[in-house]
Visitor: 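Here you go, one structure.
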Amino acid sequence: MPFIPHTEDETREMLDAIGVSGIDDLFDEIPDNLRCGDLSALGPGLWEQEISQLMQEKARSDGQPLCFIGAGAYDHHIPSAVWQLATRGEFYTAYTPYQAEASQGTLQLLYEYQSMMTELMAMEVSNASLYDGASALAEAVLMAVRANRKSKSRRILMPRSLHPHYRATVHTLVKNQGIELLEVAYEATTGQTDLDDLARHQGEDFAALVIPQPNFFGVLEPVDEMTDFARANGMLAIGLVNPLAMAVLQPPGEWGVKGVDIACGDGQPLGAPLSSGGPYFGFMCCTRKLVRQMPGRIIGRTVDLEGRVGFTLTLQAREQHIRRSKATSNICTNQGLMVTAATIHMSLLGAEGLARAGTKSHANLNLLVEKLTSLGEIEPAFSGPVFHETVLRLPLEARRALRTLAAHNVLGGYDLARHYPELGDNALLVCATENRSEGDMEKYRLKMQQVLASRKQGACATMAKFD
Amino acid sequence: MPFIPHTEDETREMLDAIGVSGIDDLFDEIPDNLRCGDLSALGPGLWEQEISQLMQEKARSDGQPLCFIGAGAYDHHIPSAVWQLATRGEFYTAYTPYQAEASQGTLQLLYEYQSMMTELMAMEVSNASLYDGASALAEAVLMAVRANRKSKSRRILMPRSLHPHYRATVHTLVKNQGIELLEVAYEATTGQTDLDDLARHQGEDFAALVIPQPNFFGVLEPVDEMTDFARANGMLAIGLVNPLAMAVLQPPGEWGVKGVDIACGDGQPLGAPLSSGGPYFGFMCCTRKLVRQMPGRIIGRTVDLEGRVGFTLTLQAREQHIRRSKATSNICTNQGLMVTAATIHMSLLGAEGLARAGTKSHANLNLLVEKLTSLGEIEPAFSGPVFHETVLRLPLEARRALRTLAAHNVLGGYDLARHYPELGDNALLVCATENRSEGDMEKYRLKMQQVLASRKQGACATMAKFD
Amino acid sequence: MLIFEHSKSGRRAQAQAPASAGSLSGIPRQFLRKHQPRLPEVSEMQAVRHYTRLSQKNFSIDTQFYPLGSCTMKYNPRACNSLAMLPGLVNRHPLAPDTHSQGFMSAMYELQEILKEVTGMSAVSLAPMAGAQGEFAGIAMIRAYHDARGDTERSEILVPDAAHGTNPASAVMCGYQAREIPTRDDGDVDMDALKAALGPQTAGIMLTNPSTLGVFERRIEEIAQWVHEAGGLLYYDGANLNAILGRVRPGDMGFDVIHMNLHKTFSTPHGGGGPGAGPVGVSQRLQPFLPVPLVTTDGDGYQWLEEQDRPQSIGRLCAFAGNAGILLRAYIYAKMLGDEGMRRVADYSTLNANYMLKKLREAGFDAAYPERRATHEFIITLKKEAKELGVNAMDFAKRLLDYGMHAPTTYFPLLVPECFLIEPTETEARESLDAFIEAMVKIRKEAETDAEQVKGAPYNLPVRRLDDVKAARELDLRWQPDEAS
Amino acid sequence: MLIFEHSKSGRRAQAQAPASAGSLSGIPRQFLRKHQPRLPEVSEMQAVRHYTRLSQKNFSIDTQFYPLGSCTMKYNPRACNSLAMLPGLVNRHPLAPDTHSQGFMSAMYELQEILKEVTGMSAVSLAPMAGAQGEFAGIAMIRAYHDARGDTERSEILVPDAAHGTNPASAVMCGYQAREIPTRDDGDVDMDALKAALGPQTAGIMLTNPSTLGVFERRIEEIAQWVHEAGGLLYYDGANLNAILGRVRPGDMGFDVIHMNLHKTFSTPHGGGGPGAGPVGVSQRLQPFLPVPLVTTDGDGYQWLEEQDRPQSIGRLCAFAGNAGILLRAYIYAKMLGDEGMRRVADYSTLNANYMLKKLREAGFDAAYPERRATHEFIITLKKEAKELGVNAMDFAKRLLDYGMHAPTTYFPLLVPECFLIEPTETEARESLDAFIEAMVKIRKEAETDAEQVKGAPYNLPVRRLDDVKAARELDLRWQPDEAS
């Protein structure tokens, strides 16, 4: 009986104490015809060595390819200390800090997290996390609709340059409340949001404009203009940002004349491993005046009976367990452990370390682009400035190139064909972080060179023999 | 400056406080001509990502072969909890518990360890660890020479069936004190110590007899007879045992009529990973009357000023930091962290879990032997009963077979030719633990079958293509 | 002390960033940050020391009994953590091609199958990132189902008054009105009220069974029949699934959709408040609407099913494929338990709860539903103590902390006054249960002689009771740089 | 509570052993155990909870300032731990063939080279498992050297009276007598006494430089010359190597052999008392005697050198190749520091020590060697406080614990009365140093007003002062099963 400490004697004694003859009796309120019990499809339990061997096989079968995919999940360096600390039992196995006195560790850490995020975003307040970037954006949209007193609109402007999965997620999460998302086009040359297309909505009633930075193409958006446009037209401005990029880029609180109203995004680049897409964490900051509209847990600093500083959950009147159907959101459990890691991560790197990671990523992308374009047939798809990710135009279908590269254990990027058919079949989104060495990038170049060469020779059949 | 927290301002202020103009001044008592400073051969420091990549490459290059080598280091299952707990900072980065009040965690754990080891060995007292099994045996020999009041001899009887590295280590560590090791032969048929050869020393003056269980061949020794022989001849009996095996085998405290005087060995099978041979830990138990002759730290239970139970280092008068040249040993730092792991390991498995691990290992070895001998040309070299390791006689040089198996990522065992030339070139020591699955053993059989087949065809050159 | 207070301007004692980072030359100046954020500047040791010591200020499963009702704070096997963090798994990019994903996808597929088996549902999606998102997905599927049939006038979701607050909140997020159904004195749903509430406007009902009152809803089959007859669907809130694993399955009770909280029933870590994972299972008729992505297999290998493969799907709930690392932990846990272990979870969590209930009653405490069996959790009401001794549930809760135990859930569900919702879980030994009961008796005795002492608790923790009113009125939600001086 | 007291007969709540283990059928009955050892029978959670809580009762580097003189309690980088535990490294069998060992062996070879460079010696063996074993190996090599030259009458090893207790103990283990050399009031060796002690019986001398008194032995070159002239060799106890990294090298001072404590200078964890690692470095003439195994390279790959390759070796010190996992951690640490980082270790540990010494003196505490620079550590004597206030070094030490700092090394070296040997290390920030000084001043003030209060310390720890006499007289070294009832 793994994890169940009862001895047979104890079980007997406890049943006697209860006054029943067997465990079955404890389920006697369940109608007979509903009782099941056969879970044999699950098979027998494995002991730790067996499950360990099984998981190692699974892990091995996925290999450890050289990864140049970004597209919303970034392979940054995470200090060893981060997860060694975050998985300490006292963090890992605690729950939501309902009993503040017994949870000062988690509560203080969350307060520190809120402080760090507001600094990074140059915003006034932060919550203690949401699920992921995509759902955080959905919460921001809902919040904007609730909070925008100037507008009764349930329409939102959302650039097409924004992560397609994010747009899909927001749609799922808001459509049932009658909220509508309107696309803003991007410029075909720069890859930035088309300000003219945006200007078409001048004077129209929208609850909010979403502004990604960088956008899904890795391109930097004209965030000042977009923020000011929103403000001028009675829309709330929602910044959707890569938080690591904010160590070097203008933070949303400083965009345009007055900054955005809400900043959100995915915290993954701050200490969460790629981990097949999750758990990551969504973050959200806003202006002080919107704080009571913000979803999620918020931690406040206060004092105890003896005047000592302490930390506690606050503004709980917004939350579902108090307000029920009138809550700001149904969110409850969030991503505490990931925030624990992120807080430790930010402490270890500091502003300087984050900036260096960002700068090195940018420099690495430049180097990668240089190497790939030096092959002669590859060129950048957009002219807008980029952070650590960019779109390349290949002389062949991205899908085909990726397949061959993957056979050589290089994950060459993300194929844009499905979500951006207007870019054709040859557009490839590539990313480089500070974790990629020059040797890694040279390897990519060499493999891509082989891809290009073999395409010319029309010798696809021989590709499998490369190495 | 990794790990050095001083800012430039602080450094300046601290130098000013000291009253010197620069850090160089702090070294002004060092004669000029001795000063160096150039360590450039070390190269520039690596940041964590770089060292991480380097170590991953090294780890990858050593592969993760299927291992059937034992020979003193055994691949047992270690519960995940063991090292997650042992590497908690409070255990991992504490030091020897000199300040008992600030070290109750480590001290209580060591007391629990002592309790577990005495139970496992059926001995009266245990110390808190030595370095490894080989050096623990050397310490046991030195202790026996000190402690044996009936004998003035500096001679020790040591079976040839004992681990050759252990015998070499003991020799290194005791020879300068004029202590002599005499070999006792083993029986060519059973692989057990030759009791007739032992009987030749009847009535002679020896300080001690060392009794391995199992011996290096994996064979079980006639420990009752050997212990009684030692007692009858005024020798101390030193048991050298595999501690995991003691979960199923008669423990040294119960050998013969009165048990051994000293039991020691390597604690590796109790939670230490193979880790290229270390760190493991040596353990030592003895009878209560010998406790003051025992080397190493010992923890005692006592009370504090308020009568509360507490734990402390005790019998320190034996130790080098008090007795200096008259100490029982020069040992100082021991293997605290490994003992931490072992204590947690034993708590998690319990007597039943250890016994199952041992039993399964034994059963797996039997299965492996069955599979290999079923190939027709391989047979056990000895007839004595074995625990989880045994010697097989191959129809070819063990060295050659091992080389080919290794090329297929199977580490087939340990070649006995160098240390036991009398066994010829074809004797192979193989081991199976509970970590080996039936599939693993079948893989070994298949690869060995290929080795045998190719030998018949004299087709060595084609071996490299196997798979 | 805050981490910011360990900071010193110019301190960079870490090995965590590249020494030479190159330049930002590709980025025009107007896009760049003008001044650095004021994050802590500390050495690696300072950070390690600070967070190690902070952690020690927490109660946790790894250190304390934590009978927090409705949260299923059971032991989180350490193997789940280390195996889910194996390099090949923890470094896998979510958009890696199928060629580099078969190991991961096989685990996800098997987990879908396990969850189907355990719940009796026809299909499972692992996408929801937490229970509340699972609830949303469930109700959104109910809506999609009605919409697909052209049955568009249904506007209400029925919710018992004992339900988790997430239930009505989720219903509202899907554009429904939540309508409360009262509970009877015996803890079951008021069937008359239910009947009265049902109608053509009924989209469905959300039920937790066992309910948050710690009792099994005995007339569940009748409820299912009535709701279905009214054209509504049944949603099962899986928060209390731990109570029935292998004993009874939501699918067999007649539910159409269920979410599961893997951080409860499948023992993934609670992590100081998440991450959770909230997979949803559905009956045959809701299958087309499951959120994407799903994992399928053609026998040869595993493939993702996405929007284009599932045109009726309610869509995507997250950027990628759910909280994969948590799903892996749940998979590992399920594999370690196996069929027999899984079933015993319900058996022993129920045994523990009934034992505690009995012993507490013997000690003179009042059960909220004295005629009922406890399930995996149960409620006592401290109304009597509050009235007679002037010491309420909150006081008991805080004083329990002093005795080294986390408090049960207090004041939830809302309909029981001075409520303690107690869930011991199956992984606690009897010693813990007895120690809790003993502490409760002691606290009552303390209250009899000195109520003020109990009302002043806790005393042995890093802080005493905190001023929540001040926290909410004088919002202090972040460290301010000027505190540094 | 002991783990045994959580035990319950028949409890097996772990997933840690195979369910079906087969039988012991191959083993005759007389070899089998008759009754099981009474090890704890606890659930995985109980063990995790017990040891998590036990750990919290420790002071450690990760939680406290730990200025334990001569122990170099500096920060242990977390990367060293995680990288040394990479599966390919942590699972490598010590007898794996070279084909499966090149990664590991390359790290060992490079570590040998790094240690040579840092110490100025000609060759290094990584085999010794701790400092004391390194000492043994060093003296054994000195003996082997003399023996190999037929110079067999040398019987004495000279040891300054300030030396670590291991020094004379190690000399004795090698069959030598240890002869003490007194120290002068300025902390240097008494050269007259040294001269008088040298002779044809002199096998060598063991020195720590900087000495345990926290000062640099200024006449080291002269000492080397004299000892060499007498036919003896010089042994360097590397305990204090942290003080001179990149500043001066033992090889350049004239030493013939040195051991290093990697758990000090190279920051491997102290682990509650080990494991350490004590590699030895030697000058040219001692090379043949180095303990085996060694790693060498032919440019193409790495190979082991063992007994058969090294006929003059003093032999084997351990079953395999030393504390490999610790050696890996040291290698990782050295690679992260690099040349510049390595040098700064000495600079900043020395800066910290001199700063503390200065500040403590300004605060009125007495330096043991007021005319000398501090090295990486220094001594203050609390003789005055003991006499005037009746509060001795032990009392200060215990009271420091209450202030959340580990005590310095007390009463060592033996020749300084009421001695505090203080080693802050380079990884501590000035805040820690200042806090320590402040605490010392406070304690003295406490002593002035209420000495008994200080003498009763500590108060804030899990236990107060322990009865060591009782511990030694009424030996209680193990839990007894009959306590269980």
Side-chain angles (χ1 to χ4, degrees), chain A residues 5 14 23 29 34 39 41-42 44-45 55 58-59 61-62 79 89-90 92-96 101-102 104-106 115 119-120 131 134 165 168 172 176 273 275-279 300-302 304-305 310 312 314 320-321 324-325 327 330 332-337 347 351 353 356 359-360 363, chain C residues 16-18 21-22 36-37 39 41 47 54-55 57-62 83 86 88 90 92 94 103 117 129-130 132 165 168-170 174-175 178 216 248 269-276 315-316 319-320 323-325 338-339 341 347 350 355 429 461-464 466-467 471 476 478-479:
Chain A
M14 291 170 76
I23 287 182
E29 293 190 358
L34 288 181
L39 298 174
L42 267 63
M55 296 313 291
K58 289 190 194 295
S61 90
D62 289 354
E90 301 96 318
Y92 188 77
T93 74
Y95 196 33
T96 304
E101 300 86 349
Q104 286 296 300
T106 288
S115 305
E119 275 295 317
L120 197 54
Y131 304 135
H165 288 185
T172 305
N176 288 331
S275 187
S276 294
R301 181 159 59 173
T302 183
D304 78 352
L305 278 178
T312 187
T314 194
Q320 48 72 27
H321 65 285
R324 303 179 69 86
S325 67
N330 72 342
C332 174
T333 296
N334 44 52
Q335 309 281 109
L337 188 66
S347 298
R356 280 203 219 163
T359 304
K360 182 79 178 175
Chain C
Q16 314 300 358
Q36 279 196 346
L39 298 183
E41 299 179 74
L54 265 197
S55 78
K57 295 186 178 176
N58 270 1
F59 275 31
S60 68
I61 280 295
D62 277 9
L83 297 177
L86 283 172
V90 87
R92 186 185 159 273
E117 177 74 16
M129 291 178 290
S170 299
C174 290
F216 189 85
V248 52
H270 284 69
R316 187 171 271 287
F320 301 107
N323 278 339
D339 51 0
D347 288 2
T350 303
Y355 174 80
L461 293 168
V463 292
R464 294 187 56 198
L466 292 163
D467 188 342
D476 174 355
R478 54 160 302 186
W479 167 83

Visitor: Looking at chain A, which one of C:Ala429, C:Gly338, C:Pro275, C:Pro37 has the largest number of heavy-atom pairs inside 4.5 Å, strictly under?
Guide: C:Pro275
Visitor: Give the member of A:Pro273, A:Pro44, A:Ala351 that has the highest number of heavy-atom pairs under 4.5 Å with chain C.
Guide: A:Ala351
Visitor: Which distance, rounded to the nearest 0.5 Å, do you find between the CD of A:Glu119 and the CZ of C:Arg478?
Guide: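 Separation between the atoms: 4.5 Å.
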Visitor: Which atoms form the tightest heavy-atom contact between C:Ala130 and A:Tyr131, and what is the distance?
Guide: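 Shortest heavy-atom separation between C:Ala130 and A:Tyr131 comes out as CB-CE2, 3.3 Å.
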Visitor: Given the options A:Gly89, A:Ala41, A:Pro279, which has more heavy-atom pairs under 4.5 Å with chain C than any of the others?
Guide: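 Of the candidates given, the most pairs with chain C belong to A:Pro279.
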Visitor: Does A:Gly105 offer a backbone N or O that forms a donor-acceptor pair with the side chain of C:Asn58 under 3.5 Å?
Guide: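 Indeed, once roles are kept as given, a pair shorter than 3.5 Å links the two residues.
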Visitor: Enter the distance from A:Glu29:CD to C:Phe216:CZ here, rounded to the nearest 0.5 Å.
Guide: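 It comes to 9.0 Å.
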Visitor: What is the minimum heavy-atom distance between C:Met129 and C:Asn323, and which atoms define it?
Guide: O-ND2, 3.1 Å
Visitor: Among C:Ala47, C:Gly22, C:Ser55, C:Gly88, single out the residue with the greatest number of heavy-atom pairs under 4.5 Å to chain A.
Guide: C:Ser55
Visitor: Under 4.5 Å, counting heavy-atom pairs only, tell me which of C:Pro168, C:Ala169, C:Gly272 racks up the most with chain A.
Guide: C:Gly272
Visitor: Mind ranking C:Ala178, C:Ser170, C:Gly276 by heavy-atom pairs under 4.5 Å with chain A and telling me who comes out on top?
Guide: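 Between C:Ala178, C:Ser170, C:Gly276, the count favours C:Ser170.
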Visitor: Checking heavy atoms, do the side chain of C:Glu117, its backbone, both or neither come under 4.5 Å from chain A?
Guide: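 Answer is both: backbone and side chain atoms of C:Glu117 are under 4.5 Å from chain A.
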Visitor: Show, in sequence, the C-alpha distance, side-chain angles and deciding distance for A:Gln104 and C:Leu466, and conclude whether the side-chain contact (heavy atoms from CB on, under 4.5 Å) test is met.
Guide: CA-CA 11 Å; A:Gln104 286 296 300; C:Leu466 292 163; 3.5 Å; yes
Visitor: Decide yes or no on side-chain contact (heavy atoms from CB on, under 4.5 Å) for C:Phe59 and C:Leu461, but give the supporting numbers first.
Guide: CA-CA 10 Å; C:Phe59 275 31; C:Leu461 293 168; 3.5 Å; yes
Visitor: Is chain C contacted by the side chain of A:Thr314, its backbone, both, or neither, given a heavy-atom distance below 4.5 Å?
Guide: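 The answer is the side chain of A:Thr314.
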Visitor: Do any N or O atoms from the side chain of A:Arg356 and from the backbone of C:Pro18 form a donor-acceptor pair under 3.5 angstrom?
Guide: yes
Visitor: Output the option from A:Leu337, A:Ile23, A:Asn330, A:Leu42 having the highest count of non-hydrogen pairs under 4.5 Å with chain C.
Guide: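 With the most close heavy-atom pairs to chain C, the winner is A:Asn330.
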Visitor: Between A:Ser276, A:Ala102, A:Pro79, who has the most heavy-atom pairs with chain C when the cutoff is under 4.5 Å?
Guide: A:Ser276
Visitor: Which one wins on heavy-atom pair count under 4.5 Å against chain A: C:Arg92, C:Lys57, C:His270, C:Arg316?
Guide: C:Arg316
Visitor: Under a 4.5 Å cutoff for heavy-atom pairs, which residue among A:Thr96, A:Asn334, A:Leu305, A:Thr312 has the most contacts with chain C?
Guide: A:Asn334
Visitor: If you count heavy-atom pairs under 4.5 Å with chain A, which of C:Ala324, C:Ala17, C:Gly315, C:Gly175 comes out on top?
Guide: C:Ala324
Visitor: Whether the side chain of A:Thr302 engages the backbone of C:Asp467 through a donor-acceptor N/O pair (distance < 3.5 Å, no angle test) should be reported.
Guide: yes
Visitor: For chain C, find which of A:Ala168, A:Ala59, A:Ala134 contributes the most heavy-atom pairs closer than 4.5 angstrom.
Guide: A:Ala59
